[in-house]
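Only this structure's heavy atoms are used, side chains among them; waters, hydrogens and symmetry mates stay out.
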Amino acid sequence: MKTIETLLGRGERVRYIGRQHVFVLISNIVTELTLIGVLIAAGVVSQIAFPDKVLAGMEVGVLVLMVCVIISLLILGSAVLDYLRWSNAHYVVTDRRVLVLRGIFNIEVVDVPIEKINEVEFRQSWLGRLFGFGDVEMTTASESGICQCRHLANPDGLKRALSDAQHDLQRGYAYLDQHDIDAYLELEDALAGDPNVERISHALQRLADMRDRGLISRDEFEEKKRELLSRI
């Protein structure tokens, strides 16, 4: 979460945070543990099958068992990496863009602005419907072309957050909470107050901040600014 917060711009709000479904992690780990079990069983069987055979001064059965154990440890390490990759991968929708974060030691971030997303495709297999995961594919006008979110838990949440962000962007404002409404009303009070230079300067600063946060559109900002400056 700390990494996500450091990527956010001034006034940028998070609408959705998701990750791959835990079913993906469990299926990978079960497959790897099954391979480890097969390798250990093969090593034990080799000791029974080759009780007296020697290769390079070592019993063949013991040699095969050692090789199987080493390979099993490598697979176990791969399972740990699978967990770290799963836990560090996030899909984030804000009121301005879509962020895809991946990586264990080096973090890779795919950044797609909302206004550059042309089409959103949602796919869900029968297994996905059963366990609650699916794929969301976004066609964009950026250099990356296509942004894929595969085996995503709660894919409907991402699609809904993206649709809401696009709707608000088209209307020229972001999500309004009570704090934003209070700030807007305070600005209106400033406009109706004593038109001294210090008060108007403060109101202009608040106005610019509200524009940057998406509370008002650029046209509304320019209109209010002209109204303020006409009172000096």
*List for me each residue that meets ring-ring contact (aromatic ring centres under 6.0 Å, His included) alongside Phe23, sequence neighbours excluded, and say none if there are none.*
Phe131, Phe133
_As a quick check of understanding, evaluate side chain to side chain contact (heavy atoms under 4.5 Å, CB included) for Asp111 and Leu7, giving each step before the final call._
CA-CA 10 Å; Asp111 185 333; Leu7 294 172; over 6 Å; no
Nearest 0.5 angstrom please: [X] [atom1] to [Y] [atom2], how far?
X: Ile75; Y: Ile29; atom1: CD1; atom2: CD1; answer: 13.5 Å
X: Glu12; Y: Glu5; atom1: CD; atom2: CD; answer: 12.0 Å
X: Arg160; Y: Arg15; atom1: CZ; atom2: CZ; answer: 12.0 Å
X: Ile114; Y: Thr140; atom1: CD1; atom2: OG1; answer: 11.5 Å
X: Tyr91; Y: Arg150; atom1: OH; atom2: CZ; answer: 9.0 Å
X: Ile40; Y: Leu35; atom1: CD1; atom2: CG; answer: 11.5 Å

*Hey, are Arg97 and Glu115 close enough for a salt bridge, meaning a charged N less than 4.0 Å from a carboxylate O?*
no
*Identify whether the distance between the nearest side-chain nitrogen and carboxylate oxygen of Lys159 and Asp156 falls below 4.0 Å.*
no
*Report the residue from Leu76, Thr31, Leu74 that forms a side-chain contact (heavy atoms from CB on, under 4.5 Å) with Ile36.*
Leu76
Co-membership, hydrophobic cluster, residues [X] and [Y], 4.5 Å side-chain:
X: Ile71; Y: Val30; value: yes
X: Leu33; Y: Leu73; value: no
X: Val22; Y: Val24; value: no
X: Val38; Y: Val69; value: no
X: Leu25; Y: Val80; value: yes

Tell me the closest heavy-atom pair linking [X] and [Y], and the distance in Å.
X: Gly18; Y: Leu152; value: C-CD1, 4.3 Å
X: Pro155; Y: Gly134; value: CG-N, 3.7 Å
X: Val44; Y: Leu65; value: N-CD1, 4.0 Å

*Return each pair, listed once, that meets side chain to side chain donor-acceptor pair (under 3.5 Å) where at least one residue sits in residues 16-29; pairs must be two or more places apart or across chains.*
Arg19-His90
_Listed once per pair and sorted, the side chain to side chain donor-acceptor pair (under 3.5 Å) pairs that draw on residues 64-78, sequence neighbours left out_ = Glu32-Ser78
Check whether any side-chain heavy atom of [X] sits under 4.5 Å from a side-chain heavy atom of [Y], and report yes or no.
X: Glu108; Y: Val110; value: yes
X: Arg102; Y: Arg85; value: no
X: Val109; Y: Val100; value: no
X: Leu162; Y: Val98; value: yes

*For the pair Gln166 and Ile117, evaluate side chain to side chain contact (heavy atoms under 4.5 Å, CB included) and give the outcome as yes or no after the intermediate values.*
CA-CA 9 Å; Gln166 289 176 320; Ile117 297 176; 3.8 Å; yes
*Quick check: does any side chain N or O of Asp95 sit under 3.5 Å from a backbone N or O of Ala165, one acting as donor and the other as acceptor?*
no
*Sidechain-backbone polar pair: Asn88 side chain, Ile104 backbone, donor-acceptor under 3.5 Å*: no
*Verify side chain to side chain contact (heavy atoms under 4.5 Å, CB included) between Val112 and Met138, making sure each step is shown before the conclusion.*
CA-CA 9 Å; Val112 182; Met138 292 167 281; 5.8 Å; no
*Hey, is OH on Tyr83 packed in by over 12 heavy atoms from elsewhere, all under 6.0 Å?*
no
